[in-house]
Amino acid sequence: MKATGIVRRIDDLGRVVIPKEIRRTMRIREGDPLEIYTDREGGVIFKKYSQLGDVTDFAVQLCDTLSRVAGSPAVITDRDNCIAAGGIPRREVVDKRVSPRVEQIMEGRQSFRASGQPVYLCDGSEKYRVLVAVPILSEGDVLGCVLFISEGDGPQLGDVEVKLAQTAAGFLGKHMES
């Protein structure tokens, strides 16, 4: 655990404010769920909670199937990190932070198909480009994204791949509602 040097008091309702600098650095947005942990020394730890983290094994199988069917690598993310991949070595992207542009696509809540300026999958890496991205929505909340990617300049994907990603994202969204 790393000390920040910032001290905050708990108010009469039991609330504590997480400073803006820490929220920005950790990409904590208003409404984000946080999981609370305690340690033996009396420490309290807040960790961002990923609803899709509970379906990681299923997401890996889904990525493998999407990749085989589409002939292009597939990735599933939560709002911050890649959680599953198929068609590429998983260690290259899993647990890596998504790029700010992928975050914008998720927040826009619309399907994306590559054209013009490249969109990169991971923050700080230009190895994988996003060809198709479809946000995963559940009860009005953005949970993550289903993407088809390529290494470098990949082929343009068509309507079928967009529909395939939309179907997978819709299925995951419905699954998370139940």
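Side chains included, hydrogens not; waters and symmetry mates left out as well; all remaining heavy atoms used.
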With distance as the sole test, does [X] use its side chain to make a donor-acceptor pair with the main-chain N or O of [Y] at under 3.5 Å?
{"X": "R23", "Y": "I18", "result": "yes"}
{"X": "D78", "Y": "D80", "result": "yes"}
{"X": "E126", "Y": "Y120", "result": "no"}
{"X": "S99", "Y": "C122", "result": "no"}

Where [X] and [Y] come nearest, the two heavy atoms and their spacing:
{"X": "V134", "Y": "A165", "result": "CG2-CB, 3.6 Å"}
{"X": "G86", "Y": "C63", "result": "N-CB, 3.5 Å"}
{"X": "I88", "Y": "A85", "result": "CG1-CB, 4.1 Å"}
{"X": "R9", "Y": "V16", "result": "O-CG2, 4.2 Å"}
{"X": "A169", "Y": "P135", "result": "CB-O, 3.6 Å"}
{"X": "I136", "Y": "G173", "result": "CG2-N, 3.7 Å"}

Item to check | All salt bridge (Lys or Arg N to Asp or Glu O under 4.0 Å) counterparts of E151, not counting sequence neighbours | outcome: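 Once residues adjacent in sequence are excluded, the partners of E151 under the salt bridge (Lys or Arg N to Asp or Glu O under 4.0 Å) criterion are K127.
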Applying the 4.5 Å side-chain criterion to the ILVMFWY set and letting contacts propagate, would [X] and [Y] be lumped into a single cluster?
{"X": "V60", "Y": "I76", "answer": "no"}
{"X": "L62", "Y": "V55", "answer": "yes"}
{"X": "L66", "Y": "F171", "answer": "yes"}
{"X": "I83", "Y": "V94", "answer": "no"}
{"X": "F58", "Y": "V93", "answer": "no"}

Mind checking whether [X] and [Y] have side chains closer than 4.5 Å, heavy atoms only?
{"X": "I36", "Y": "F46", "result": "yes"}
{"X": "Q117", "Y": "R101", "result": "no"}
{"X": "Y128", "Y": "K96", "result": "no"}
{"X": "R8", "Y": "R15", "result": "no"}
{"X": "I105", "Y": "L147", "result": "no"}
{"X": "V75", "Y": "V130", "result": "no"}
{"X": "L137", "Y": "V142", "result": "yes"}
{"X": "K163", "Y": "Q166", "result": "yes"}

Atom pair [atom1] ([X]) and [atom2] ([Y]), whose distance is rounded to the nearest 0.5 Å:
{"X": "E92", "Y": "L121", "atom1": "CD", "atom2": "CG", "answer": "11.0 Å"}
{"X": "I45", "Y": "L34", "atom1": "CD1", "atom2": "CG", "answer": "13.0 Å"}
{"X": "M176", "Y": "L143", "atom1": "CE", "atom2": "CG", "answer": "6.0 Å"}
{"X": "T167", "Y": "L172", "atom1": "OG1", "atom2": "CG", "answer": "11.0 Å"}
{"X": "C82", "Y": "I149", "atom1": "SG", "atom2": "CD1", "answer": "7.5 Å"}

Next on the checklist: Could you walk me through whether E103 and R97 satisfy the salt bridge (charged side-chain N to carboxylate O under 4.0 Å, His left out) test, starting with their C-alpha distance in whole Å, then the side-chain angles of each, then the deciding distance to 0.1 Å, before giving a yes or no?
Outcome noted: CA-CA 10 Å; E103 281 188 27; R97 188 174 291 276; 5.1 Å; no
Item to check | Residues L157, R113; criterion side-chain contact (heavy atoms from CB on, under 4.5 Å); working and verdict | outcome: CA-CA 8 Å; L157 298 183; R113 187 185 318 181; 5.7 Å; no
Checklist entry - Can you list every side chain to side chain donor-acceptor pair (under 3.5 Å) pair that touches residues 56-70, not counting sequence neighbours? => result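 Residue pairs with at least one partner in residues 56-70: D64-R90.
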Next on the checklist: Can you confirm whether more than 12 heavy atoms, excluding those of E177, are under 6.0 Å from its CD atom?
Outcome noted: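 Counting other residues, nucleotides and ligands, CD of E177 exceeds 12 neighbours.
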